[in-house]
There are 2 protein chains.
Amino acid sequence: MTGHAPIPIQFAEPACLRIGAVEFGTGDPALHSFRKNIQTVPANRLLLQDGDDSGKIIIVMDGWLATSKSSLNGEVQLIDFLLPGDVADPTSADGKTAGFSVEAVTDARVCVIPLPAWHSLLAASAPLARAHEHVQAAERSRLSERMLRLGRGSAEGRIAYALIELCLRLKPLGLSENCAFHLPLTQRHIGDFTGLTAVHVCRTLRRFVRNGLVETADHMDIRINDLSALADVAGAEPDRLAAEITPVPD
Amino acid sequence: MTGHAPIPIQFAEPACLRIGAVEFGTGDPALHSFRKNIQTVPANRLLLQDGDDSGKIIIVMDGWLATSKSSLNGEVQLIDFLLPGDVADPTSADGKTAGFSVEAVTDARVCVIPLPAWHSLLAASAPLARAHEHVQAAERSRLSERMLRLGRGSAEGRIAYALIELCLRLKPLGLSENCAFHLPLTQRHIGDFTGLTAVHVCRTLRRFVRNGLVETADHMDIRINDLSALADVAGAEPDRLAAEITPVPD
DNA sequence: CGGGTAATTGAGCTGGTTCAATCTGAGTGG
DNA sequence: CCACTCAGATTGAACCAGCTCAATTACCCG
């Protein structure tokens with residue numbers, strides 16, 4: 001699991017910290033305390049293990065993270081992907097145990113803040129608290145949508161939904177132009193995300209391509225060719241979905 | 001969907017409002033503003049529809065609620081059950097649309113608070129904010145656990161987990177004595193909760209009974225006879241699970 | 001060139017669904 | 001008191017979507 005970084009990590013120096021769609025820190029005294037908590041992590045590194053004592057939150061600055069849980073026999077379920085501006089709060093009801101694992105999918109830069117510090121930051125800055133509220137709300141909505149597909153959707157529906165969700169989330173980050181985007185994922189990731197086998201992900205994706213719903217290049221450069229048809233398969237309305245799962249500026 | 005109340009609703013007058021494991025309001029000036037927001041709702045009443053403009057949170061005082069989403073073809077996925085002390089915050093990223101439906105499973109009493117009022121209450125009372133934090137953390141952990149089963153678990157695993165989760169959650173409410181408890185649910189509810197057909201829920205429950213894992217009476221009075229065996233089937237550790245999904249006093 | 005990971009495709013199997021019949025218990029009206 | 005109804009539970013039988021196992025290909029990197 002603890003992988004190697006295939007390419008050297010190089011990120012621009014942070015001018016600010018973004019939470020959802022809102023930027024913080026420029027000229028903010030709080031930024032100073034952030035700076036020393038920033039770390040770069042290589043792809044596939046486990047940041048936090050389900051069940052560990054956690055006591056911190058993780059803010060994604062660059063790259064992709066994923067939260068996950070594993071069954072005893074080693075099967076993995078990805079709970080959510082975390083993109084820049086997202087916040088992972090793994091704390092469960094006891095206030096310390098992590099309720100899921102957090103791992104870097106790509107090389108990433110994160111800001112790790114101990115819970116007490118985080119709570120005082122939230123208490124000190126209403127805009128920060130509001131932005132965090134939006135990010136949490138977006139995640140809640142994503143989880144509900146995904147839970148519906150996991151429980152009631154077909155393989156096609158799950159994968160179609162996943163593609164649309166990721167497309168919509170990448171758009172405000174400037175990573176999805178005209179429904180074309182790159183997923184730094186393997187088919188296994190998509191399988192772990194949708195509760196399917198990698199084999200069946202492959203078959204289903206191929207079928208989408210055959211039917212002209214999507215195009216692929218380089219295996220993970222995706223272009224959604226027929227969004228409304230894909231949305232039908234997913235049982236989703238893209239516009240409403242975007243409003244519900246994408247944090248807004250405020 | 002808008003059902004009839006089979007029995008008249010009768011609840012004790014509220015002395016206080018409980019959030020998670022913490023009671024508020026006795027002598028608290030904020031209680032006064034709560035009181036007028038309390039309402040009783042009959043079983044099967046829809047309190048909020050997925051996609052509606054919401055702008056409020058719902059605190060459960062008595063009875064069971066459920067949050068859910070439905071697919072276009074009418075299949076239902078229950079996202080979570082809400083028990084007394086739980087808080088439903090259906091707001092999604094846009095700050096107003098409800099990301100799921102909320103309905104009363106049994107006759108219930110709830111306290112409905114508009115979001116602005118709720119936010120000022122949270123800002124005014126650190127203990128309230130902390131209690132809410134715990135309730136949210138408990139819900140997050142439950143969702144992750146359930147997502148793992150939905151994506152990767154067998155029917156047996158999902159149902160075993162659901163029984164254990166509900167048993168653990170009912171215990172601190174005084175509704176589960178010695179792993180024996182009543183579920184005010186039909187097998188259809190359990191199916192919608194676990195992403196299975198009611199038929200298969202029935203078969204699986206019968207198998208549990210045949211194998212001595214659980215006993216049932218009156219169809220929905222459940223007794224877990226062999227917790228450790230059931231936990232094995234569920235792939236769960238009851239003690240750790242209880243800590244993660246049950247709000248603590250503080 | 002060799003080795004390792006990911007994708008692709010085929011073939012057969014199976015857990016859970018669907019459809020359908022029966023059974024049970026509570027409520028209702030006579 | 002019984003007949004009727006209706007929702008839920010139970011059980012059987014056939015079916016099928018997605019899984020497993022397995023072989024092949026493509027690609028990257030040393």
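Hydrogens, waters and symmetry mates play no part in the numbers below; they use all other heavy atoms, side chains included. Below, chains carry the letters A, B, ... as their sequence lines are ordered, and counting in each starts from 1.
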Specify the separation, in whole Å, of atom [atom1] of [X] and atom [atom2] of [N].
X	N	atom1	atom2	value
Asp218(A)	dC28(D)	CG	C1'	12 Å
Asp221(A)	dC27(D)	CG	P	14 Å
Asn44(A)	dT5(C)	CG	P	12 Å

Open item on the list: Just to verify, what does Gln49(B) make a side-chain hydrogen bond (donor to acceptor under 3.5 Å, both in side chains) with, not counting sequence neighbours?
Closed with: none
Task: Those residues that, when tested against Asn178(A), pass side-chain hydrogen bond (donor to acceptor under 3.5 Å, both in side chains) (two or more places apart) - done: none
Task: Inter-end axis angle, the helix from dC1(C)-dG30(D) to dG30(C)-dC1(D), with every axis fitted to five base pairs (rounded, 10 degrees) - done: 40°
- [ ] Start with the C-alpha gap between Met220(A) and Ile190(A), add the side-chain angles, then the distance that decides, and say whether side chain to side chain contact (heavy atoms under 4.5 Å, CB included) holds.
- [x] CA-CA 11 Å; Met220(A) 279 299 150; Ile190(A) 300 179; 3.8 Å; yes
Open item on the list: Taking salt bridge (Lys or Arg N to Asp or Glu O under 4.0 Å) as the definition, give me every residue that meets it alongside Arg203(A), ordered by chain and number, with sequence neighbours left out.
Closed with: none
- [ ] Going 5' to 3' through nucleotides 9-18 of chain D, assign each nucleotide B (protein heavy atom under 4.0 Å from a base atom), S (under 4.0 Å only from sugar-phosphate atoms) or - (no protein heavy atom that close).
- [x] SBBBB----B
Open item on the list: Is the shortest side-chain heavy-atom distance between Leu170(B) and Leu183(B) below 4.5 Å?
Closed with: yes
- [ ] Side-chain contact test, heavy atoms from C-beta onward, threshold under 4.5 Å: evaluate it for Leu65(B) versus Leu47(B) and give yes or no.
- [x] yes
Open item on the list: Whether Lys69(A) and Glu145(B) form a salt bridge (side-chain N of Lys/Arg under 4.0 Å from carboxylate O of Asp/Glu) is what I want to check.
Closed with: yes
If you look only at distance, which donor and acceptor atoms sit under 3.5 Å apart when one is on a side chain in residues 151-169 of chain A and the other is two or more places apart or in another chain?
residue: Arg152(A); atom: NE; partner: Val76(B); partner atom: O; Å: 2.9
residue: Arg152(A); atom: NH1; partner: Leu196(B); partner atom: O; Å: 3.3
residue: Arg152(A); atom: NH2; partner: Gly191(B); partner atom: O; Å: 3.1
residue: Arg152(A); atom: NH2; partner: Asp192(B); partner atom: OD1; Å: 2.7
residue: Arg152(A); atom: NH2; partner: Leu196(B); partner atom: O; Å: 3.2
residue: Ser154(A); atom: OG; partner: Gly157(A); partner atom: N; Å: 3.2
residue: Glu156(A); atom: OE2; partner: Arg207(A); partner atom: NH1; Å: 2.5
residue: Arg158(A); atom: NE; partner: Arg149(A); partner atom: O; Å: 3.3
residue: Arg158(A); atom: NE; partner: Gly153(A); partner atom: O; Å: 3.4
residue: Arg158(A); atom: NH1; partner: Thr194(A); partner atom: O; Å: 2.9
residue: Arg158(A); atom: NH1; partner: Gly195(A); partner atom: O; Å: 3.4
residue: Arg158(A); atom: NH2; partner: Leu150(A); partner atom: O; Å: 3.3
residue: Tyr161(A); atom: OH; partner: Glu165(A); partner atom: OE1; Å: 3.1
residue: Glu165(A); atom: OE1; partner: Arg146(A); partner atom: NE; Å: 2.9
residue: Glu165(A); atom: OE1; partner: Arg146(A); partner atom: NH2; Å: 3.4
residue: Glu165(A); atom: OE2; partner: Arg146(A); partner atom: NH2; Å: 3.2
residue: Glu165(A); atom: OE2; partner: Arg169(A); partner atom: NH1; Å: 3.4
residue: Arg169(A); atom: NH1; partner: Phe81(A); partner atom: O; Å: 3.0
residue: Arg169(A); atom: NH2; partner: Phe81(A); partner atom: O; Å: 3.0
residue: Arg169(A); atom: NH2; partner: Asp86(A); partner atom: OD2; Å: 2.6

